[in-house]
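The figures that follow rest on heavy atoms only: side chains count, while hydrogens, waters and symmetry mates do not. The model shown is predicted, which means the values in this text are computed figures rather than measured ones.
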Amino acid sequence: MFSTLDDFLRLWQLESTRTARLMECLTDESLPRLIASGHRSLGDLAWHIVVSHRSILDKTGLTFEAATKDLPTPRNAAEICAKYVASAAGVGRAIETQWTNATLRIADDVYGVKWFRSQTLLALVSHEIHHRGQMTVLMRQAGLSLPATYGPSKDTQ
């Protein structure tokens with residue numbers, strides 16, 4: 001959990017930059033890549049990260065421009081990346097302007113459970129990192145190069 005908005009905003013800047021770098025490596029041809037039937041494609045995973053900003057943070061009343069989960073997954077990798085970058089920046093701006101450190105201690109009903117907003121922010125970051133990891137597996141299978149994330153990747157050494 002986060003004790004201050006600055007703690008979250010510093011981590012959000014780092015992690016959203018890492019996600020954006022990964023999204024920049026996607027190609028239109030790679031988006032349909034599946035690990036197995038019945039699972040999300042690479043494009044669907046990327047889009048899920050984009051729309052999760054809104055679907056998770058809507059529970060807190062935070063307002064910002066972002067795609068919603070009722071929109072279909074774009075078939076254009078550059079569009080997914082651009083929507084991600086805009087949404088991630090919107091999250092940061094909204095938190096800076098709409099919340100205070102005291103806001104982090106407000107509890108909201110999030111998916112049927114009471115979470116402090118600091119917990120919701122941690123869940124947002126953890127959720128994104130989780131799906132980013134899934135994306136890297138599918139990206140490797142699709143023959144894409146991966147950027148450095150928490151150190152060099154095989155492709156950046």
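- Remark: Thr103 pairs with Thr100 by the side chain to side chain donor-acceptor pair (under 3.5 Å) rule, at least two apart or across chains.
- Residues forming a side chain to side chain donor-acceptor pair (under 3.5 Å) with Ser16 (at least two apart in sequence, or on another chain): none.
- Here the straight-line distance linking atom CG of Leu104 with atom OG1 of Thr60 works out to 10.5 Å at 0.5 Å rounding.
- For the atom pair NZ (Lys69) and OG (Ser55), the distance works out to 5.5 Å, reported to the nearest 0.5 Å.
- The closest donor-acceptor contact from the side chain of Ser52 to the backbone of Ile49 lies under 3.5 Å.
- In this structure, Leu26 is a member of the same hydrophobic cluster as Ile35, with clusters built from ILVMFWY side-chain heavy atoms closer than 4.5 Å.
- By the side chain to side chain donor-acceptor pair (under 3.5 Å) test, Ser145 pairs with no residue at all, sequence neighbours left out.
- No side-chain heavy atom of Val51 sits under 4.5 Å from any side-chain heavy atom of Leu71.
- For the residue pair Thr73/Asp44, the side-chain donor-acceptor check at 3.5 Å is satisfied.
- Within the 4.5 Å cutoff, the side chain of Leu57 has heavy atoms near those of the Leu121 side chain.
- Residue Val110 is not grouped with residue Phe116 when hydrophobic side chains (ILVMFWY) are merged at heavy-atom distances under 4.5 angstrom, including chains of intermediate members.
- Linking Ile, Leu, Val, Met, Phe, Trp and Tyr whenever their side-chain heavy atoms come within less than 4.5 Å puts Val137 and Met139 in one cluster.
- Hydrophobic clustering, with ILVMFWY side chains joined whenever heavy atoms are under 4.5 angstrom apart, keeps Met1 apart from Leu5.
- Listed by first and then second residue, the salt bridge (charged side-chain N to carboxylate O under 4.0 Å, His left out) pairs that reach into residues 122-142 are Glu15-Arg132, Arg140-Asp155, sequence neighbours excluded.
- Contacts of His130 classified as ring pair (Phe, Tyr, Trp, His ring centres under 6.0 Å), with partners at least two apart in sequence or in another chain: none.
- Within 6.0 Å of atom CD in Gln141, more than 12 heavy atoms from other residues, nucleotides or ligands are found, so the atom counts as buried in its surroundings.
- Under the side-chain contact (heavy atoms from CB on, under 4.5 Å) test applied with Leu62, the options Thr120, Ile95, Thr97 reduce to a single match, Ile95.
- Contact annotation: the side chain of Leu124 approaches that of Trp12 to within less than 4.5 Å [non-hydrogen atoms, C-beta and beyond].
- Considering only residues two or more places apart in sequence or on other chains, Asp58 meets the salt bridge (charged side-chain N to carboxylate O under 4.0 Å, His left out) condition with Arg54.
- Contact detail for Gln98 and Gly61: the closest heavy-atom pair is OE1-O, 4.4 Å.
- Evaluation of the ring pair (Phe, Tyr, Trp, His ring centres under 6.0 Å) rule for Phe2 yields Phe8 as partners, not counting sequence neighbours.
- Put simply, Leu11 and Phe64 are part of the same group of oily side chains (I, L, V, M, F, W, Y) that touch within less than 4.5 Å, one to the next.
- Taking the side chain to side chain donor-acceptor pair (under 3.5 Å) definition, one finds that Ser37 meets it with nothing, sequence neighbours left out.
- Not a single salt bridge (charged side-chain N to carboxylate O under 4.0 Å, His left out) links Asp28 to another residue, sequence neighbours left out.
- In this structure the side chain of Asn101 never reaches within 4.5 angstrom of the side chain of Ser3, judged on heavy atoms.
- More than 12 heavy atoms of other residues, nucleotides or ligands shown are found within 6.0 angstrom of NZ on Lys59.
- Under the salt bridge (charged side-chain N to carboxylate O under 4.0 Å, His left out) criterion, Arg21 pairs with no residue, sequence neighbours left out.
- Remark: Tyr84 pairs with His53 by the ring pair (Phe, Tyr, Trp, His ring centres under 6.0 Å) rule, at least two apart or across chains.
- Of all non-hydrogen atoms in Leu9 and Gly92, the two that sit nearest each other are CD2-O, 3.7 Å.
- Of the possible polar contacts, none joining the Ser87 side chain to the Lys83 backbone as a donor-acceptor pair under 3.5 Å is found.
- Scored by the ring pair (Phe, Tyr, Trp, His ring centres under 6.0 Å) test, His39 finds no partners at all (sequence neighbours excluded).
- Arg117 is listed as a side-chain neighbour of Asp108, based on a closest heavy-atom distance under 4.5 Å.
- Taking the side chain as every heavy atom from C-beta outward, Ser41 and Trp47 never approach each other to under 4.5 Å.
- Side-chain contact check for Leu42 versus Met135: some heavy-atom pair is nearer than 4.5 Å.
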